[in-house]
Amino acid sequence: MRTFVWHKKMSRFLEIKDWSPGYLNVTPQHVTILARCESCGTEREFDRQAVPREMMHSLVMDIESRLRCKTCGAKAGRLRFGSYLDD
C-alpha cells in the first residue's frame, strides 16, 4: 500500500483579505486558519480542536489576545483565514 504525504510548505497560502468571521465557531471548516506571530514572523496552522470548549464561541480578537508564540514567546498573535493553493 502506498502512502502519499502532502507537504503544505510546497503550497502557497492565499489569505482572504479584510475578512474575519467574528467568532471562531462560525468559521467554515474548509477555511484554513494560520496563526502568525507579529513579532518574529513565525506561522503555524491553527488547530481548532485544541481550543478549549468554553472558548469556541469567543470573538477572534479575544482568542488572538491569548496566543503565545512557541518560537519567541511573544503574545503578538494574529489569525489569518484562507486556503492553500498548489504551485
Side-chain angles (χ1 to χ4, degrees):
M1 180 191 328
R2 289 182 147 180
T3 303
F4 293 95
V5 179
W6 183 63
H7 296 282
K8 290 189 176 177
K9 292 187 183 232
M10 293 180 184
S11 298
R12 191 168 35 118
F13 185 76
L14 178 64
E15 182 176 6
I16 303 169
K17 295 290 182 187
D18 302 320
W19 181 81
S20 174
Y23 293 89
L24 187 63
N25 66 314
V26 297
T27 304
Q29 291 299 312
H30 69 274
V31 173
T32 302
I33 305 173
L34 289 185
R36 175 179 171 77
C37 176
E38 297 296 324
S39 293
C40 70
T42 300
E43 288 187 335
R44 299 178 194 268
E45 199 161 309
F46 183 76
D47 182 11
R48 302 172 204 222
Q49 305 307 317
V51 176
R53 187 178 172 126
E54 62 272 6
M55 294 288 300
M56 286 303 292
H57 297 280
S58 297
L59 286 168
V60 169
M61 69 174 131
D62 291 339
I63 292 172
E64 288 177 332
S65 69
R66 296 170 185 257
L67 296 176
R68 182 177 303 278
C69 181
K70 289 184 178 182
T71 303
C72 72
K75 287 187 91 176
R78 186 174 78 81
L79 296 179
R80 299 174 59 208
F81 302 88
S83 59
Y84 286 103
L85 298 176
D86 293 330
D87 285 341

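Reckoned from all heavy atoms, side chains included, excluding hydrogens, waters and symmetry mates. A quick note: this is a predicted structure, and the numbers were derived from the prediction, not measured.
Annotation: side chain to side chain contact (heavy atoms under 4.5 Å, CB included) contacts of Thr71 (sequence neighbours excluded): Cys40, Thr42, Arg44, Cys69. With sequence neighbours left out, the side chain to side chain donor-acceptor pair (under 3.5 Å) criterion links Arg80 to Glu15, Glu43.
Looking at Val60 and Pro21, their side chains come closer than 4.5 Å, going by heavy atoms from C-beta outward. Residues Asp62 and Tyr23 are not in side-chain contact: their nearest non-hydrogen atoms beyond the backbone lie 4.5 Å or more apart.
Summarising the geometry, atom CD1 belonging to Ile33 is positioned 12.5 Å from atom OG belonging to Ser83; distances are rounded to the nearest 0.5 Å. Within the model, atoms CG of Leu34 and OH of Tyr84 stand 4.5 Å from one another, a figure rounded to the nearest 0.5 Å. Atom CE of Met55 is separated from atom CZ of Arg53 by 14.5 Å, given to the nearest 0.5 angstrom. Between His57 atom NE2 and Asn25 atom CG the span is 5.0 Å, to the nearest 0.5 Å.
A side chain to side chain contact (heavy atoms under 4.5 Å, CB included) with Phe46 is found for one member of Thr32, Val51, Thr27 and no other, namely Val51.
Under a hydrophobic clustering in which Ile, Leu, Val, Met, Phe, Trp and Tyr are joined whenever their side-chain heavy atoms come within less than 4.5 Å, directly or via other members, Ile63 and Val31 fall into the same cluster. The cluster map of Ile, Leu, Val, Met, Phe, Trp and Tyr, joined by side-chain heavy atoms under 4.5 Å apart, puts Met56 and Leu67 in the same cluster. Both Val26 and Leu59 belong to a common hydrophobic cluster when Ile, Leu, Val, Met, Phe, Trp and Tyr are linked at side-chain heavy-atom distances under 4.5 angstrom. Side-chain heavy atoms closer than 4.5 Å link hydrophobic residues (I, L, V, M, F, W, Y) into clusters, and following such links, even through other members, never connects Met61 to Phe81.
Checking side-chain atoms of Arg36 against main-chain N and O of Gly41 turns up a donor-acceptor pair under 3.5 Å.
Each salt bridge (Lys or Arg N to Asp or Glu O under 4.0 Å) pair with one or both residues in residues 63-73, not counting sequence neighbours, would appear here, but there are none.
Nearest heavy atoms, Phe13 versus Gly82: CZ-N, 3.4 Å.
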